[in-house]
Amino acid sequence: MNQQDKNPVKHIRNFSIIAHIDHGKSTLADRLMEHTQTVSSREMKEQLLDDMDLERERGITIKSHPVTLQYTSKAGELYELNLIDTPGHVDFTYEVSRSLAACEGALLVVDATQGLQAQSLANVYLAMERDIEIIPVLNKADLPAADPEKVKQQIEDILAIDTSETILCSAKTGMGIDDLLEQIVQKIPPPPVSSKDAPLRALVFDSHYDSYRGVQCYIRVVEGSVRCGSKVEFIATGKRFEVQDLGIFCPREKSLKELGPGSVGYIVGNLKQTKDVKIGDTLTIDSTLRAKVGPVAPLAGFREIFPAVYAGIYPVDSNDFSLLKDALERLQLNDPALSIEQESSHTLGFGMRGGFLGLLHLEITFERLSREYDLDIITTSPSVIYKMQLASGEEVEISNPAHYPDPTQISFIQEPWVKAHVYTPSDYLGAVMNLSMDKRGELMKTETMPLERLVLTYHFPLGEIITDFSDRLKSITQGYASFDYQVDHYSKADIIKLEIRVNDEPVDAFSSLVHRSKAERRGRALCDKLKDVIPPQLFKVPIQAAVGGKILARENIRALSKDVTAKCYGGDISRKRKLWEKQKKGKKKMKEIGKVTIPQQAFMEVLKIQDN
């Protein structure tokens with residue numbers, strides 16, 4: 001008996017868990033698997049679905065993870081629950097939106113001690129756009145600091161969601177999990193009824209590359225069914241292949257003979273090229289079969305995502321460029337929010353220009369390339385897209401400081417601004433406003449929320465908040481504040497190119513486009529940091545920050561000294577002077593021909609520099 005025979009469509013429930021970061025999504029997923037006996041107690045471990053080392057180390061979810069649960073309700077009926085655990089950080093919103101496309105419902109998990117926060121709202125609005133059922137869940141309700149009634153009122157006031165049947169639970173102790181499972185089967189609607197004999201239509205909502213089996217696609221079957229041996233085709237890419245294996249996640253892969261309407265699972269075929277698969281594509285029957293049954297309409301895919309932050313990625317060894325390119329293409333298959341294109345640098349050689357949704361997205365990509373593909377790489381300073389109106393009337397978009405045109409040819413420059421919502425306890429209002437002013441923010445309005453919290457609506461230049469704004473916001477509010485943003489408009493700004501020179505040689509990787517008011521402060525911070533992370537050479541190395549021909553800041557790395565007069569015991573001082581003079585000439589010559597090797601750590605440290 002296959003999976004579909006055991007669970008007709010009316011007994012299938014597809015849902016995601018959405019929440020702000022650290023509100024307990026992954027722990028709740030652990031308890032749901034435990035209570036449905038999907039995983040034995042021997043195999044159970046914390047954050048089981050977070051299978052990347054990076055996810056465990058940082059305590060965050062980076063990738064969405066599907067898992068199929070078998071649950072017998074109190075009425076004695078067997079249900080198939082397809083759960084997708086989603087990330088909570090603003091940089092991975094695209095993961096959440098794709099997961100919601102495969103669901104009919106979502107669990108909105110809110111920390112009962114902190115209430116609604118930025119990403120909670122952002123994710124709820126994504127769910128509301130899809131018009132799916134939202135079940136509010138108050139997690140950590142067993143903690144002394146929890147205030148469920150105020151948080152319920154907050155949800156009703158801000159989101160207009162009925163909280164009269166809200167589940168109070170503790171993902172850590174298991175309190176309320178049985179009641180939550182009952183609500184899932186009662187409140188979340190089943191997938192739309194579809195005949196198994198209808199032509200196959202399945203949404204590809206994720207994929208990853210397996211070095212042994214090729215591309216593995218995660219699909220949600222909307223109509224028809226797919227079996228092992230079926231000949232299928234992607235509508236957008238036109239790639240045809242035969243299904244070699246399919247199944248569900250429990251949470252490890254479990255092969256089945258068939259996936260029917262409403263099911264969420266994976267398929268494997270002869271897909272060796274990453275370009276064969278496009279996230280959001282529709283999987284259907286082979287074109288020769290479609291000729292008999294008529295045309296099959298593609299499913300609505302996903303909105304195209306546009307990167308907010310750009311940075312160059314270069315191999316330390318230029319011979320590894322082809323490996324870097326292949327690795328990024330495979331990562332792009334697993335992470336469609338990543339955009340890549342080839343570029344070259346006078347200093348660093350051939351590399352790739354990557355587009356990311358935020359600085360955390362960039363850091364995670366860097367770490368994955370280093371760990372999963374064993375590559376030694378360096379990254380350039382992150383930048384955003386600036387629009388430049390040239391004197392000739394031409395408008396160009398620039399994200400790479402190396403492409404900055406001659407300043408005399410520029411009429412004006414526009415920078416991207418974002419609309420941001422900052423959620424903070426009222427006690428920290430002054431500190432948050434000072435930080436926002438430092439980031440050139442413009443306060444639009446202030447709203448009061450329950451639990452003595454405020455919502456500040458700001459306009460910020462995107463280039464000011466992509467680096468350290470989130471970390472500093474958490475620091476000054478002891479971790480209680482949060483924010484989310486979306487690109488709003490472009491506005492004229494006095495943007496200049498800040499160039500960093502090491503031993504009088506410009507280093508493209510450290511150059512950046514900054515606002516003129518921040519150039520000197522940024523230049524001093526960069527020089528000061530590089531002085532500490534670049535090892536001493538046998539000659540003095542100057543580090544300079546320059547705008548055009550003007551030097552804004554300078555630091556010197558002292559030369560490694562050797563006491564050439566150590567063997568001179570007594571005698572005339574002229575002997576020592578002669579040796580010192582000889583050493584001085586040698587160092588001068590060495591400086592002329594010497595080359596400063598910048599360690600990989602220096603490139604990563606520059607990303608973490610705070611302007612303050």
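As a basis for the values below, the full set of heavy atoms in this structure was taken, side chains included, without hydrogen atoms, waters or symmetry mates.
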- [ ] Find the distance between OG (S164) and CD (E156) and round it off to the nearest 0.5 Å.
- [x] 7.5 Å

Task: Close side-chain approach of I155 to L116, heavy-atom, < 4.5 Å - done: yes

Open item on the list: Checking T36 against T38: is there a side-chain donor and acceptor pair closer than 3.5 Å?
Closed with: yes

Open item on the list: Under the side chain to side chain contact (heavy atoms under 4.5 Å, CB included) test against S263, which residue among E80, E258, R220 passes?
Closed with: E80

TODO: May I ask you to decide whether K172 forms a salt bridge with D142, counting only side-chain N to carboxylate O separations under 4.0 Å?
DONE: no

Task: Check: L181 and V185 side chains under 4.5 Å, non-hydrogen atoms - done: no

TODO: Of all the heavy-atom pairs spanning R227 and V243, show the shortest one and how long it is.
DONE: O-CB, 3.6 Å

TODO: To the nearest 0.5 angstrom, please state how far the OG atom of S225 sits from the CG atom of L246.
DONE: 10.0 Å

Task: L100 side chain reached by I84 side chain, heavy atoms, under 4.5 Å - done: no

- [ ] Could you check L283 against F241 for side-chain contact (heavy atoms from CB on, under 4.5 Å), going step by step and ending with a plain yes or no?
- [x] CA-CA 11 Å; L283 182 73; F241 63 98; 3.9 Å; yes

TODO: Measure the spacing between CG of L83 and CZ of F15 and express it to the nearest 0.5 Å.
DONE: 4.5 Å

TODO: Could you tell me whether the side chains of Q153 and D157 share a donor-acceptor contact shorter than 3.5 Å?
DONE: yes

Open item on the list: Please find the pair of heavy atoms, one from A141 and one from M175, that lie closest to each other, and give the distance.
Closed with: CB-CE, 3.9 Å

Task: Main-chain N/O of L200 paired to T284 side chain as donor or acceptor, under 3.5 Å - done: yes

Task: Matching residue for F460 among W417, Y485, F469 - test: ring pair (Phe, Tyr, Trp, His ring centres under 6.0 Å) - done: F469

Open item on the list: How long is the straight-line distance from CD of E447 back to CG of L454, given to the nearest 0.5 Å?
Closed with: 10.0 Å

Task: H208 versus Y218, side-chain donor and acceptor atoms under 3.5 Å - done: yes

- [ ] Indicate yes or no: at least one non-hydrogen side-chain atom of C217 is less than 4.5 angstrom from one of L271.
- [x] yes

Task: Side chain proximity check, T457 to K419, heavy atoms < 4.5 angstrom - done: yes

Open item on the list: Any heavy-atom pair between the side chains of L81 and T68 that's under 4.5 Å?
Closed with: no

Task: Over 12 foreign heavy atoms within 6.0 Å of CD, Q37 - done: no

TODO: Walk me through it: do D245 and R213 pass the test salt bridge (charged side-chain N to carboxylate O under 4.0 Å, His left out)?
DONE: CA-CA 10 Å; D245 185 27; R213 302 206 293 176; 2.9 Å; yes

Task: Between Q186 and E182, a side-chain donor and acceptor under 3.5 Å - done: yes

- [ ] Just do the side-chain contact (heavy atoms from CB on, under 4.5 Å) check on V268 and E253 with the steps written out, would you?
- [x] CA-CA 11 Å; V268 176; E253 295 166 10; over 6 Å; no

- [ ] Just do the salt bridge (charged side-chain N to carboxylate O under 4.0 Å, His left out) check on K187 and E165 with the steps written out, would you?
- [x] CA-CA 11 Å; K187 288 192 170 183; E165 297 182 20; 3.4 Å; yes

Task: Short side-chain donor-acceptor distance under 3.5 Å, N14 and E104 - done: yes

Task: Straight-line distance of F356 CZ to E363 CD, nearest 0.5 Å - done: 11.0 Å

TODO: Report the C-alpha separation of V204 and F234 in whole Å, then their side-chain angles, then the decisive distance to 0.1 Å, and conclude whether the side-chain contact (heavy atoms from CB on, under 4.5 Å) test is met.
DONE: CA-CA 9 Å; V204 180; F234 291 121; 3.7 Å; yes

- [ ] State whether the side chain of T166 and the backbone N or O of T163 hold a donor-acceptor pair below 3.5 Å, judged by distance alone.
- [x] yes

- [ ] Considering non-hydrogen atoms only, spot the tightest contact between D281 and A236 and give its length.
- [x] OD1-N, 2.9 Å

Task: Exam field: side chain R13 to backbone I188, donor-acceptor pair closer than 3.5 Å - done: yes

Open item on the list: Quick check: closest heavy atoms across V151 and D111, and the distance to 0.1 Å?
Closed with: CG2-O, 4.4 Å

- [ ] With the side chain counted from C-beta on, respond yes when I167 and L138 share a heavy-atom pair under 4.5 Å apart, and no when they do not.
- [x] no

Task: Under 3.5 Å donor-acceptor, H11 side chain and L78 backbone - done: yes

Open item on the list: If I compare all heavy atoms of I12 with all of G262, which pair ends up nearest, and what's the gap?
Closed with: CG2-O, 3.7 Å

TODO: Would you give the length of the straight line joining atom CD1 of I219 to atom OG of S207, rounded to the nearest 0.5 angstrom?
DONE: 12.0 Å

Open item on the list: Testing the basics here: between G265 and F249, what is the closest heavy-atom pair and its distance to 0.1 Å?
Closed with: C-CE1, 4.2 Å

Task: Verdict with supporting geometry, L28 and L180, side-chain contact (heavy atoms from CB on, under 4.5 Å) - done: CA-CA 10 Å; L28 180 61; L180 177 58; 3.9 Å; yes

Task: Side chain to side chain, L69 and Y79, heavy atoms closer than 4.5 Å - done: no

